[in-house]
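Sequence lines set the chain letters: A, B, ... in the order given, protein chains first and strands last, and positions in each chain run from 1. These numbers come from the heavy atoms of this one structure, side chains and all, not from hydrogens, waters or symmetry mates.
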Number of protein chains: 2
Amino acid sequence: MKPSSSPPIPLKLATSDATSDATSATKSATKSAGTTPPSAPSKRGGARPGAGRPAGQGRYGEATKPVRLPVSMIDEIMDYVATGGRQPLPLFSCAVAAGFPSPADDHLEGSLDLNDYLVKHPAATFFVRVSGDSMINAGIHEDDILVVDRSIEARHGKIIIAAVDGQLTVKRLHHKSGKTMLMPENDRYEPITISDEASMVIWGVVTNVIHSV
Amino acid sequence: MKPSSSPPIPLKLATSDATSDATSATKSATKSAGTTPPSAPSKRGGARPGAGRPAGQGRYGEATKPVRLPVSMIDEIMDYVATGGRQPLPLFSCAVAAGFPSPADDHLEGSLDLNDYLVKHPAATFFVRVSGDSMINAGIHEDDILVVDRSIEARHGKIIIAAVDGQLTVKRLHHKSGKTMLMPENDRYEPITISDEASMVIWGVVTNVIHSV
DNA sequence: ACTTTTGAATAAAGTACAGTATTCTAATAT
DNA sequence: ATATTAGAATACTGTACTTTATTCAAAAGT
């Protein structure tokens with residue numbers, strides 16, 4: 001699928017090459033000088049400094065440099081470049097503005113890159129799609145996507161992803177007087193007591209919940 | 001693979017300049033073979049097909065091609081390439097596995113790229129940081145980040161970002177019998193009736209809520 | 001027989017170059 | 001005076017070419 005909805009790069013169509021044969025034109029003019037009166041050659045477009053194509057008129061509005069890239073990634077890279085690279089999108093805030101009516105800038109907090117914001121440890125991060133509503137009071141709903149970081153230590157009170165009896169669950173981890181429990185946040189569910197620590201494998205700590213409205 | 005099976009004639013042009021002194025000296029020494037016996041040159045490393053550096057031994061393990069890139073993005077691109085390009089992280093699911101104990105693969109749903117998932121229209125998307133708890137029952141908490149898409153039509157029932165009297169708010173949009181209202185989802189707040197449509201500017205429709213646990 | 005040395009073969013990498021595209025102005029035409 | 005045109009200047013672009021790096025096996029050494 002090609003989600004390139006916004007083409008910010010103006011692609012210029014290659015026109016045919018009628019205009020660019022300066023050399024041959026000059027040559028023919030020089031050659032024809034013998035047959036044509038010497039005054040014939042047009043004298044338009046005088047020689048002068050400052051003529052020529054201005055810089056920054058290229059596809060990218062700036063200088064370019066050839067770089068070698070693995071062939072398998074070239075398409076993806078071109079896409080990446082065409083969409084302006086990593087796209088930190090603007091971040092606004094609902095905070096009460098100083099005066100009003102308030103221009104957009106009064107609300108502008110800066111810009112935000114989702115990957116930077118949500119994925120602090122790319123090699124240790126994965127996602128989990130939620131099923132069930134056992135953590136509804138923690139704001140975790142069915143079909144939400146959880147951002148999970150394996151590199152964060154699973155401490156008491158953290159919301160974790162754990163495999164219990166081969167079943168993947170999201171619960172809040174409780175360590176209390178030597179006992180380990182997995183606490184749901186929904187009155188209709190009961191806490192799970194972990195009698196044998198070996199029967200539970202903690203996959204990681206939930207850092208964010210992504211909910212679709 | 002390589003359409004040109006015929007080996008091109010390897011012509012080496014002596015273009016080096018810095019070494020020209022030494023080279024020419026050596027050359028002349030070598031060339032003036034009168035001094036050196038013709039049998040002298042070592043015969044090791046015999047000529048044979050199949051010798052040479054194997055393909056795929058380069059930095060990327062595959063063929064490369066020079067591509068022109070805007071200079072301002074080269075560093076970023078090299079980073080992008082070095083990290084393996086866009087990194088769709090694994091997505092798991094809590095769904096009940098067929099058997100157990102269940103290996104991780106039983107839960108693997110695929111992979112997910114956050115930007116693809118959350119930002120459908122990059123040019124029309126921005127983020128809003130939430131303040132206040134007027135939408136708490138919609139699962140929107142203080143300091144959550146909202147993903148907002150300007151290109152989605154603000155219909156009745158959608159959660160929207162609107163500027164009312166210069167104040168940015170998130171509410172559910174109600175159109176009812178010709179009246180427009182902004183509905184909070186928290187009993188402690190009152191609906192806002194929009195008497196003058198001109199006093200409200202709808203910025204966009206909320207598509208996702210990102211919550212930090 | 002085994003190890004070490006050596007140069008050819010070949011791929012990788014970077015860059016220079018030739019060809020192309022574009023703009024500006026003087027010369028010409030209206 | 002105004003509009004049009006042609007040509008020079010110069011930036012953009014892709015790729016061919018040079019240079020560098022690496023591997024392999026034959027030859028030489030032990």
Less than 3.5 Å between a donor and an acceptor, one on the side chain of B:Arg53 and one on the base of D:dC24, is that the case here?
no
Under 4.0 Å, heavy atom to any atom of DNA chain D: which of residues 66-82 of chain B qualify?
B:Pro66, B:Arg68
B:Thr64 side chain N/O closer than 4.0 Å to the phosphate oxygens (OP1, OP2) of C:dA12?
no
Between CD of B:Gln57 and C1' of D:dT22 the distance, given in whole Å, is 8 Å
What is the distance, to the nearest angstrom, from the OH atom on B:Tyr60 to the C1' atom on D:dA21?
16 Å
Please list all pairs passing the salt bridge (charged side-chain N to carboxylate O under 4.0 Å, His left out) test where one or both residues lie in residues 142-156 of chain B, with sequence neighbours left out.
B:Glu153-B:Arg155
Of all pairs that satisfy ring-ring contact (aromatic ring centres under 6.0 Å, His included), the ones with a partner from residues 61-82 of chain A, not counting sequence neighbours:
A:Tyr80-B:Tyr80
Any chance the rings of A:Phe92 and B:Phe127 have centres within less than 6.0 Å?
no
5′-ward residue of the pair B:Gly56/A:Lys65 relative to DNA chain C:
B:Gly56
Among all residues two or more places apart in sequence or in another chain, which pass the side-chain contact (heavy atoms from CB on, under 4.5 Å) test with B:Asp196?
B:Ala198, B:Ser199
Just jot down the side-chain contact (heavy atoms from CB on, under 4.5 Å) partners of A:Pro54, sequence neighbours excluded, or say none.
A:Gln57
Mind checking what makes salt bridge (Lys or Arg N to Asp or Glu O under 4.0 Å) contact with B:Arg68, not counting sequence neighbours?
none
B:Pro54 or A:Pro54, whichever maps to the more 5' nucleotide of DNA chain C
B:Pro54
Rounded to whole angstrom units, what separation is found between the CD atom of B:Glu62 and the P atom of C:dA11?
15 Å
Do any side-chain nitrogens or oxygens of B:Arg48 fall under 4.0 Å of OP1 or OP2 in C:dT10?
no
